[in-house]
Amino acid sequence: MTMSGEQLTNEEVILEILKARLSISTDVRDKLLKHIISGIIEELKEQQGIKLDVSKISHQLFVADYAEYRYSSRDNPSMPRHIRWRLNNLMFSSLGGGSND
């Protein structure tokens, strides 16, 4: 993982959270996981119009949850309710100019 004192980027923090949730301790899948994370962030901002701020912990956790779903559910197109609910809240708060927390 990372050495103490080393500053991580927001996407690296999301990667660390995702790997912990997936119980992945090696770097073997990092390239794939990074692509999933980047793709989700791009999709949320550009396609969904969400004012995503990956420096916010709540947004980092959401992206990690969404990435875990994408990674683990390739054969299951049904999005879990908790992710759908949080995605809807992010979309509505972006439309209304809310804080997205």
Side-chain angles (χ1 to χ4, degrees):
M1 301 259 181
T2 60
M3 299 178 73
S4 62
E6 187 177 324
Q7 189 67 28
L8 299 175
T9 67
N10 294 321
E11 288 192 30
E12 289 170 335
V13 170
I14 295 168
L15 177 64
E16 295 293 319
I17 294 166
L18 178 58
K19 287 173 67 173
R21 289 193 177 155
L22 295 170
S23 298
I24 296 174
S25 58
T26 67
D27 297 338
V28 174
R29 299 228 177 253
D30 280 10
K31 187 173 182 179
L32 171 63
L33 296 175
K34 286 177 184 179
H35 281 293
I36 292 171
I37 291 167
S38 295
I40 288 170
I41 291 170
E42 181 179 307
E43 178 184 327
L44 292 174
K45 288 181 175 181
E46 295 178 12
Q47 294 175 10
Q48 302 291 339
I50 293 174
K51 296 175 187 169
L52 193 69
D53 181 357
V54 291
S55 67
K56 291 184 177 182
I57 294 170
S58 61
H59 291 201
Q60 291 172 355
L61 293 172
F62 174 73
V63 172
D65 286 346
Y66 200 171
E68 180 182 10
Y69 156 70
R70 286 258 177 102
Y71 177 81
S72 301
S73 305
R74 291 179 291 253
D75 298 328
N76 184 4
S78 298
M79 183 182 289
R81 284 186 188 177
H82 71 98
I83 294 175
R84 169 54 62 195
W85 181 78
R86 289 163 64 200
L87 177 60
N88 287 341
N89 284 343
L90 282 172
M91 290 187 332
F92 287 130
S93 64
S94 288
L95 290 174
S99 66
N100 289 353
D101 282 329

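No experiment lies behind these values; they were computed from the predicted model shown.
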Identify, with sequence neighbours excluded, every residue that meets side chain to side chain contact (heavy atoms under 4.5 Å, CB included) alongside S55. N10, D53

Which residues satisfy the side chain to side chain contact (heavy atoms under 4.5 Å, CB included) test with T9, sequence neighbours excluded? E11, E12

Do I50 and H59 have side chains that get closer than 4.5 Å, going by heavy atoms? no

Can you see which heavy atom on G49 is nearest to which on S94, and at what distance? O-CB, 3.8 Å

Provide the closest heavy-atom pair for K19 versus T26 in the form atom of the first, atom of the second, distance. NZ-O, 3.0 Å

Nearest 0.5 angstrom please: D30 CG to L15 CG, how far? 5.0 Å

Same cluster or not: Y66 versus W85, using hydrophobic residues (I, L, V, M, F, W, Y) connected whenever any side-chain heavy atoms lie under 4.5 Å apart? no

Rounded to the nearest 0.5 Å, how far apart are CD1 of I83 and OG of S73? 7.5 Å

Please tell me if the side chains of E68 and I17 come closer than 4.5 Å, counting only heavy atoms from C-beta onward. no

Nearest heavy-atom neighbours spanning Y69 and S78: CE1-O, 3.5 Å

Identify each donor-acceptor pair in which a side-chain atom of residues 39-48 lies under 3.5 Å from a protein atom, sequence neighbours left out, and give them as a table.
residue: E43; atom: OE1; partner: R70; partner atom: NH1; Å: 3.4
residue: E43; atom: OE1; partner: R70; partner atom: NH2; Å: 2.8
residue: E43; atom: OE2; partner: R70; partner atom: NH2; Å: 3.2

Can you measure from NZ (K56) to NZ (K51) and round to the nearest 0.5 angstrom? 10.5 Å

Same apolar cluster (I L V M F W Y, side chains within < 4.5 Å links), L32/I37: yes

Return the minimal non-hydrogen interatomic distance between V13 and Q60, and the atom names on each side. CG1-OE1, 3.4 Å

Does the pair I36 and L18 meet the rule for a side chain to side chain contact (heavy atoms under 4.5 Å, CB included), with working shown? CA-CA 11 Å; I36 292 171; L18 178 58; 5.6 Å; no

Could you check I14, V54, I57, L87 and say which one makes a side chain to side chain contact (heavy atoms under 4.5 Å, CB included) with F62? L87

